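In this chain, numbering begins with 1 at the start of the sequence shown. In what follows, every heavy atom counts, from backbone to side chain, and hydrogens, waters and symmetry copies are set aside. Predicted, not measured: the structure shown is a model, and the values here were computed from it.
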Amino acid sequence: RAWRLPEPELRQLQILVADRDKIVSEKVRVQNQLRETLLSYFPQAVEAFSDLSSKTALDFLSQFPILSPLQQCHSFTALSAGSEFAKDLA
């Protein structure tokens, strides 16, 4: 005889799974929106990071939300001074 989860617990589990599915869908939607937005004004960031949701990519984008400050850097060394993400990129 198969074990069955009592009805209240089964309903709670169904609600939790549905909530998780919504959260995952929202995460994917936001990641796609970020990628599309960056492609329009900062495509180099999309090229530099395969996963825009990684801590390294998010740290980078927090520090350099637009391309112009990076264009003023003379080298990666100048860019990496004081940057948390630099050690992950090296």
Q) So, do Leu52 and Leu58 sit near enough that their side-chain heavy atoms are less than 4.5 Å apart? A) no
Q) Which distance, rounded to the nearest 0.5 Å, do you find between the CD of Gln14 and the CG of Asp19? A) 12.0 Å
Q) Are the side chains of Tyr41 and Thr37 in touch, meaning some heavy atoms are under 4.5 Å apart? A) yes
Q.
Return the CZ to CG distance between Arg20 and Leu16, rounded to the nearest 0.5 Å.
A. 11.5 Å
Q | With Ile23 via side chain to side chain contact (heavy atoms under 4.5 Å, CB included) - residues at least two apart | A | none
(Q) Is there a path of hydrophobic side-chain contacts, each under 4.5 Å between heavy atoms, that joins Leu39 and Phe49? (A) yes
**Q.** Where Phe42 and Pro65 come nearest, the two heavy atoms and their spacing
**A.** CD1-O, 3.9 Å
Q: Any pair with a residue in residues 29-44 that passes salt bridge (Lys or Arg N to Asp or Glu O under 4.0 Å), sequence neighbours left out, goes on the list, sorted by first then second residue, please.
A: Glu26-Arg29
Q.
Under the rule for salt bridge (charged side-chain N to carboxylate O under 4.0 Å, His left out), what residues qualify as partners of Glu47, not counting sequence neighbours?
A. none
Q: Determine, using the 4.5 Å side-chain heavy-atom cutoff (strictly less than), whether Val17 and Val28 are members of one ILVMFWY cluster.
A: no
**Q.** Value rounded to 0.5 Å, distance of CG in Asp51 from OG1 in Thr56
**A.** 9.5 Å
